[in-house]
Each structure stands twice: as structure tokens, then as C-alpha cells.
Amino acid sequence: MIFESHAHYDDEAFQEDREELLTSLAAHGIGTVINVGASLESCRHTLRLMEQYPFVYGAMGVHPSETAELTEDSMVWLQAQCSLDKVVAVGEIGLDYYWKEPEGSVQKKWFERQLEMAREVKLPVIIHSRDAAKDTLDMMRALHAEEVGGVVHCYSYTKEMAREYLKMDFYFGIGGVITFKNAKKLKEAVEWIPMEKILLETDSPYLSPEPNRGKRNSSLNLPYIAQEIAKIKGITYEEVVEITGKNADRLFLSEH
Ligand code: NI
């Protein structure tokens, strides 16, 4: 079964058919889903999805672009949720300089606070980093993120940058972008990254792979991503599914 390591089924894009879609996943070979918080509201919704569906696990965290809403009180609430059995990670957290709001200093403050929270509750982190490769890496090094562990989600940087994240023993979430024709640098990076460090993800409803690029994404598109990785790595589709599943189990579920 395929392990979906990053989706946002709380998103309003699934308002009409969420139940139908989620209950159909198993029949399409999707075994486990991590629903990843991006705002306080999406964390609350993630908690409900976790309760409703046995195969859904949750990550609690606030996306860099949403950090203006964070307060010390909300950090207390977030940390309390992290002790729930089915909460398996802190995320998504990080830096996003593509969107300029809130300003970098605010993003950095809450990235640090949430990373420190992950250390306290002993959960891995799910890192979001867009147009912020150097600052993300500098902060992770300064905060000793290698002691916390986790995954760089929707990995989209170079092979050289991958080497630095691998030194910290991080995993790499590979999604739909790998199927895009112009993703030459990412394909090079994936060729280089050890198979034991790759996780499959969609980031649904965003970033649909080819041949569904531009449409709403769902975990049903994971086979296109696995097929592309199999091609790049010169192994079978089944091997990609099995190894990435074991990787995600090891990172998120084995200690729970
Ligand atoms: Ni995401």
C-alpha cells in the first residue's frame, strides 16, 4: 500500500466529496495518509479527520505564511494536541519567501518556536521551505534540527542542497513536481538522494502531477509520482512503493 506523507484534506477544495474520496483511497492502494496542519483552523480540522478515519494521522503546525495568527496561547494549545496518539509530526513549519507576508523575522520566530516544540514533544518536523533555501538551512543547523529529525516536504532544491539536508539525516518528500518536464534539477537531486530517504507525497489539493497538472490533486495521483521515481532510480514501481512506505513508517509511526 502507498503511504501518503503529506495532504491537506481539510482544504475547502474537498468540501463536496471529502467523505467519498477518503473512503475510496484503500481500494486504490493508498494505505496511510498524514493530514498536515497549515493554520490553527486546519489543525482543528485535522484532529476531526484523524478521529473519523482510522488510516488518517495528523501533523500539528502552522505554515510560515500563516504565522501572523500565532500567539503564546495558541502554542500551548498546539503543544497539548501533540500528545494525542495519532499526532505523528509537527508541521508544516518553515520559511516561505515567495509570499512576502508575514515578514521574514516573524516567520523565523515561529519556525524556531515550533521546531523547539517538536523537540520537547519528541516528534519529527515537516519542513516547508520555498525560495528560502539558505535561511532554512542556516536555522536548522543553528537549532540542531538533526536531533529532532523529519522531512523537507515538496523538496524542490538542488542536489547540492540535498547533500546538506542529508547530513542532518532528513528525509525528502517528493511530489508531483518530479513529473514536470522542466524539473531537470529536481530529477538530478532525486537521482542522487538515497532511496531510503525518500517519501511519497502529493500536497493535495496542490501540485498535481502530469498528466493531471493544473487540476485538483488527491492521493489517487500518487502512482504517477512513484512511477517517475522508479524510472529515475532504475527500480520497479513496486519497490518504490515498498521502500517509501517503510521509510514513512520508520519516521512517523514506529515509535507510536
Ligand atoms: Ni503542504
Side-chain angles (χ1 to χ4, degrees), residues 2-15 18 21-22 25 30 32-50 56-70 78 81 87-99 101-102 107 110-111 114-115 118 123-133 136 140 150-157 165 170-180 183 186 198-209 212-222 224-225 244 248 251-252:
I2 300 179
F3 194 123
E4 160 73 281
S5 68
H6 195 117
H8 301 282
Y9 283 112
D10 53 282
D11 195 280
E12 59 187 21
F14 298 107
Q15 208 58 46
R18 183 178 294 114
L21 181 60
L22 283 170
L25 291 182
I30 317 298
T32 307
V33 173
I34 299 194
N35 203 77
V36 180
S39 65
L40 292 170
E41 176 55 32
S42 86
C43 285
R44 284 189 283 269
H45 199 156
T46 297
L47 295 172
R48 296 199 293 274
L49 293 173
M50 267 166 41
V56 174
Y57 292 79
M60 293 289 117
V62 172
H63 183 288
S65 302
E66 304 289 335
T67 46
E69 71 171 342
L70 278 172
L78 271 178
Q81 309 318 305
V87 171
V88 297
V90 169
E92 56 189 287
I93 63 172
L95 300 173
D96 192 322
Y97 295 167
Y98 179 82
W99 303 107
E101 295 286 324
Q107 294 190 26
W110 294 110
F111 180 26
Q114 293 184 93
L115 190 75
L123 288 178
V125 287
I126 297 174
I127 301 284
H128 170 104
S129 177
R130 188 174 186 192
D131 294 351
T136 307
M140 286 170 66
V151 56
V152 182
H153 123 79
C154 190
Y155 187 75
S156 53
Y157 296 139
Y165 287 115
F170 265 65
Y171 289 79
F172 299 81
I174 304 299
V177 177
I178 193 69
T179 67
F180 298 173
L186 178 58
I198 292 178
L199 306 182
L200 295 180
E201 66 163 69
T202 58
D203 204 18
S204 297
Y206 311 107
L207 292 171
S208 246
N212 294 321
R213 192 172 178 177
K215 297 182 188 157
R216 183 188 75 170
N217 202 3
S218 84
S219 306
L220 299 176
N221 284 322
L222 282 164
Y224 297 116
I225 297 163
T244 54
L251 178 61
F252 294 119

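Counting begins at 1 with the first residue of the sequence. Ligands are counted one by one from 1 in listed order, and the atoms in each one are counted from 1 as well.
Note on ring orientation: taking the six-membered ring where Trp is involved, the planes of His128 and His63 are tilted (angle from 30° to 60°).
In this structure, CG in Leu95 is found 5.5 Å from CZ in Phe111, a value given to the nearest 0.5 Å.
Distances from the Ni ion (ligand 1) to the N/O/S atoms of Asp203 are shortest for OD1. Glu92 contributes OE2 as its N, O or S atom closest to the Ni ion (ligand 1).
Contact annotation: His8 places an N, O or S atom under 2.8 Å from the Ni ion (ligand 1). At a cut-off of 2.8 Å, His6 is counted among the residues with an N, O or S atom near the Ni ion (ligand 1).
The distance between the ring centers of Tyr155 and Phe172 falls below 6.0 angstrom.
Between Leu40 and Glu69, the closest heavy-atom pair is N-OE2, 2.9 Å.
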